[in-house]
Amino acid sequence: MKKFTIDPAVFDLFPDITFHIFILKGINNHKQNEDYREKLLTQACQEAQKFLTEETFRFNPIVAEWREIFRAFKTKKGARSTIEALFKRVNKGETLRPINPLVDLYNSTSLTYGVPGGGEDIEKIQGNLTFTFAEGGESFFPLGQEESDPALAGELIYKDDAGAVCRNFNWREAQRTMLTEETRDAILIFESVYPEQISRANQLIDYFEDLLNRYFDQEVKVEICDQHHPSITIAD
């Protein structure tokens, strides 16, 4: 049995922190329906424009909120929320190209609702998955690197028995657990800290569940983790 748990210490810093979690089992994540996924991403980039109302990028409310959140704990220099990274590309007029179905579907949902999201291959998670403060030195191999770039003490990370899975919320993820075409079982997590962010995350539940259900023709398990429900089972 594998569990996902939010460390109680996290609630001391962010009492309202909430994760909206979607779990799929036995899917086919090989590249297919690329035209559909490309259209979905294009539409999502257009939807994201409603969040980019300020001429100076950093003054857009969602960008400013996540920068404030990241200042509240230890981060590696230059670390930013994934929603800022997506918004920055939209702000520059760039187009997102399809990667693989799971990634494309959560990226399009993140852009549409202004909520950062990410995902991991459940089968590659060793032991339980925990969102916690790093002790420092947790092994972490980002995509494309052959040497470990360990977590810093005080970073907020997702970790399992083998080391860090994502650093600074889901700013960077380890290639060890990343979603690939071979992924069969996946956990997808949307992150929110403030009440207004949580409200937008609540709004995306039906949209994203339907998107996953229709694309993969699979039942989706939906869970919400917060201070009142800090732990769930992700695999039997």
Side-chain angles (χ1 to χ4, degrees), residues 6-7 9-21 41 44-96 103 106-120 130-136 138 140 142-143 149-159 164-174 188-204 208 224-227:
I6 305 173
D7 185 335
V10 174
F11 298 115
D12 293 335
L13 182 62
F14 299 126
D16 296 324
I17 192 168
T18 303
F19 292 141
H20 291 69
I21 300 171
L41 288 166
C45 287
Q46 294 170 352
E47 284 287 325
Q49 294 289 348
K50 65 180 178 285
F51 299 117
L52 301 174
T53 57
E54 300 296 328
E55 184 175 350
T56 303
F57 179 72
R58 70 178 184 274
F59 293 156
N60 286 290
I62 292 176
V63 174
E65 285 173 0
W66 277 100
R67 289 193 180 189
E68 179 182 33
I69 290 166
F70 271 46
R71 284 194 292 270
F73 61 95
K74 178 69 175 180
T75 63
K76 185 171 181 178
K77 185 177 180 180
R80 294 283 189 263
S81 170
T82 55
I83 193 62
E84 176 172 339
L86 289 174
F87 279 176
K88 185 171 288 186
R89 295 182 64 178
V90 172
N91 198 55
K92 291 179 178 179
E94 297 179 6
T95 301
L96 271 67
V103 173
Y106 78 63
N107 274 342
S108 64
T109 302
S110 285
L111 285 164
T112 301
Y113 289 89
V115 180
E120 307 300 330
T130 305
F131 186 75
T132 185
F133 291 99
E135 295 179 5
E138 286 89 346
F140 182 78
L143 180 63
D149 184 13
L152 304 175
E155 285 187 25
L156 275 172
I157 65 171
Y158 295 87
K159 65 181 270 188
V165 168
C166 290
R167 294 176 58 184
N168 302 301
F169 283 82
N170 64 11
W171 164 67
R172 287 286 184 274
E173 74 170 317
L188 310 169
I189 303 176
F190 290 90
E191 305 162 337
S192 47
V193 174
Y194 299 149
E196 193 273 336
Q197 297 172 346
I198 296 168
S199 176
R200 279 186 281 109
N202 287 334
Q203 293 169 31
L204 70 77
F208 191 53
I224 297 178
C225 275
D226 58 16
Q227 192 172 58

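Numbering starts at 1 and runs along the sequence shown. The analysis underlying the following values was restricted to heavy atoms, covering all of them including side chains, and did not include hydrogens, waters or symmetry mates.
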Kindly indicate whether a cation-pi arrangement holds for Arg167 with Phe140, taking the cut-offs as under 6.0 Å to the six-membered ring centre and within 45° of the axis.
yes
When rounded to the nearest 0.5 Å, the distance separating CG of Leu156 from CG of Asn168 is 8.0 Å
Quick one: does any side-chain atom of Lys50 pair with a main-chain N or O of Glu47 as donor and acceptor, under 3.5 Å?
yes
Are side-chain heavy atoms of Gln227 and Phe11 found at a separation under 4.5 Å?
yes
Is there a side-chain contact between His20 and Asn202 in this structure, where contact means two heavy atoms from C-beta onward sitting under 4.5 Å apart?
yes
Identify the heavy atoms of Gly114 and Ile62 that sit nearest to each other, and give their distance.
O-CD1, 3.7 Å
Cys45 versus Leu96: any side-chain heavy-atom pair under 4.5 Å?
yes
Once salt bridge (Lys or Arg N to Asp or Glu O under 4.0 Å) is applied, do any residues pair with Asp226, and if so which ones, sequence neighbours excluded?
none
Tell me whether Glu155 is salt-bridged to Lys76, with the criterion being a basic N under 4.0 Å from an acidic carboxylate O.
no
Are side-chain heavy atoms of Thr112 and Leu204 found at a separation under 4.5 Å?
no
Can you tell me if Gln203 uses its side chain to pair, donor with acceptor, with the backbone of Ala201 under 3.5 Å?
no
Within a radius of less than 6.0 Å around CD of Glu94, do more than 12 heavy atoms belonging to other residues, nucleotides or ligands occur?
yes
Ring pair (Phe, Tyr, Trp, His ring centres under 6.0 Å) partners of Phe51, counting only residues at least two apart:
Phe87
Looking at Asp149 and Arg172, is there a salt bridge between them, counting it only when a charged N and a carboxylate O are closer than 4.0 Å?
no
What one should report as the nearest heavy-atom pair of Leu52 and Asn91 is CD1-N, 4.1 Å
Quick one: closest heavy-atom pair of Tyr106 and Glu173, and the distance?
OH-OE2, 4.4 Å
Side-chain donor or acceptor of Ser108 paired with backbone N/O of Ala44 under 3.5 Å
no
Using a 3.5 Å cut-off and no angle test, enumerate the donor-acceptor pairs between side-chain atoms of residues 188-196 and protein atoms at least two apart in sequence or in another chain.
residue: Glu191; atom: OE2; partner: Tyr158; partner atom: OH; Å: 2.7
residue: Glu191; atom: OE2; partner: Asn170; partner atom: N; Å: 3.4
residue: Ser192; atom: OG; partner: Thr18; partner atom: O; Å: 3.3
residue: Tyr194; atom: OH; partner: Glu68; partner atom: OE1; Å: 3.0
residue: Glu196; atom: OE1; partner: Arg200; partner atom: NE; Å: 3.2
residue: Glu196; atom: OE1; partner: Arg200; partner atom: NH2; Å: 2.8
residue: Glu196; atom: OE2; partner: Arg200; partner atom: NE; Å: 2.9

Working to the nearest 0.5 Å, report the span between CZ of Arg67 and CG of Asn60.
10.0 Å
Look up atom OG in Ser81 and atom CD in Glu65, then write down how far apart they are to the nearest 0.5 Å.
10.5 Å
Ile69 CD1 to Phe169 CZ distance, which is reported to the nearest 0.5 Å:
6.0 Å
Where Ile157 and Ala164 come nearest, the two heavy atoms and their spacing:
CD1-CB, 4.2 Å
Could you give me the CA-CA distance, side-chain angles and deciding distance for Phe133 and Lys74, then say whether side-chain contact (heavy atoms from CB on, under 4.5 Å) is met?
CA-CA 9 Å; Phe133 291 99; Lys74 178 69 175 180; over 6 Å; no
Ring centres under 6.0 angstrom apart (Phe73, Phe70):
yes
Interatomic spacing from CG in Leu111 to CG in Leu86 - rounded to 0.5 Å:
4.5 Å
On a heavy-atom basis, the closest approach of Thr82 and Pro116 is OG1-CB, 3.4 Å
Write down the atom of Thr130, the atom of Asp7, and the distance for their closest heavy-atom approach.
CG2-N, 4.4 Å
